[in-house]
Amino acid sequence: MSKLNQTLTQSGLLAELFEHQRRKVIESARRRAHRKQLRLILWSAFTWPWRALTAPRPFDDSAKPLVGTVPRHT
């Protein structure tokens, strides 16, 4: 009785190896995208108070007149 020597392609093992590698690449990309999204959410949550405190404020026209100004009466 002769022993069968199958190649990787014939045994289907090569296809399994490629499929495993493909799944690993996809999982890695998903994890990377998820981490990036979480990083952006955290960065936004921690920086908005700083941006709110340091944002330029518009000139307030409703403030009291400066000292030395005389109101006009018509």
Side-chain angles (χ1 to χ4, degrees):
M1 192 165 179
S2 65
K3 185 177 177 183
L4 289 176
N5 290 330
Q6 291 182 330
T7 64
L8 284 175
T9 306
Q10 290 171 334
S11 67
L13 190 56
L14 188 62
E16 285 296 319
L17 290 172
F18 282 150
E19 183 62 28
H20 179 74
Q21 185 180 21
R22 182 178 166 276
R23 280 193 306 265
K24 287 292 190 182
V25 169
I26 291 171
E27 287 174 19
S28 176
R30 284 183 181 159
R31 279 195 303 268
R32 194 176 318 120
H34 186 67
R35 280 195 308 265
K36 184 177 180 181
Q37 186 179 15
L38 287 178
R39 195 177 310 120
L40 289 173
I41 290 169
L42 284 172
W43 180 256
S44 176
F46 286 123
T47 58
W48 77 262
W50 173 255
R51 288 195 311 266
L53 289 173
T54 59
R57 291 182 177 81
F59 183 73
D60 188 12
D61 289 334
S62 65
K64 292 181 182 178
L66 298 173
V67 176
T69 57
V70 179
R72 297 179 96 191
H73 296 285
T74 56

**Asked** What about Phe18 and Leu13, same hydrophobic cluster or not, with Ile/Leu/Val/Met/Phe/Trp/Tyr joined at side-chain heavy-atom distances under 4.5 Å?
**Response** yes
**Prompt:** Any chance CD of Gln10 has more than 12 other-residue heavy atoms, nucleotides or ligands included, within less than 6.0 Å?
**Reply:** yes
**Prompt:** In Å and rounded to the nearest 0.5 Å, what is the CZ to CZ distance from Arg35 to Arg39?
**Reply:** 7.0 Å
**Prompt:** Do other residues, nucleotides or ligands put more than 12 heavy atoms under 6.0 Å from the CZ atom of Arg23?
**Reply:** yes
**Message:** Using the rule given for side-chain contact (heavy atoms from CB on, under 4.5 Å), can you reason through Arg31 versus Glu27, listing the C-alpha separation, both sets of side-chain angles and the distance that settles it, and then say yes or no?
**Reply:** CA-CA 6 Å; Arg31 279 195 303 268; Glu27 287 174 19; 3.9 Å; yes
**Request:** Kindly compute the distance separating CZ (Arg22) from NZ (Lys24), expressed to the nearest 0.5 Å.
**Result:** 14.0 Å
**Request:** Measure the CD-CG distance between Gln37 and Leu42 for me, rounded to the nearest 0.5 Å.
**Result:** 11.0 Å
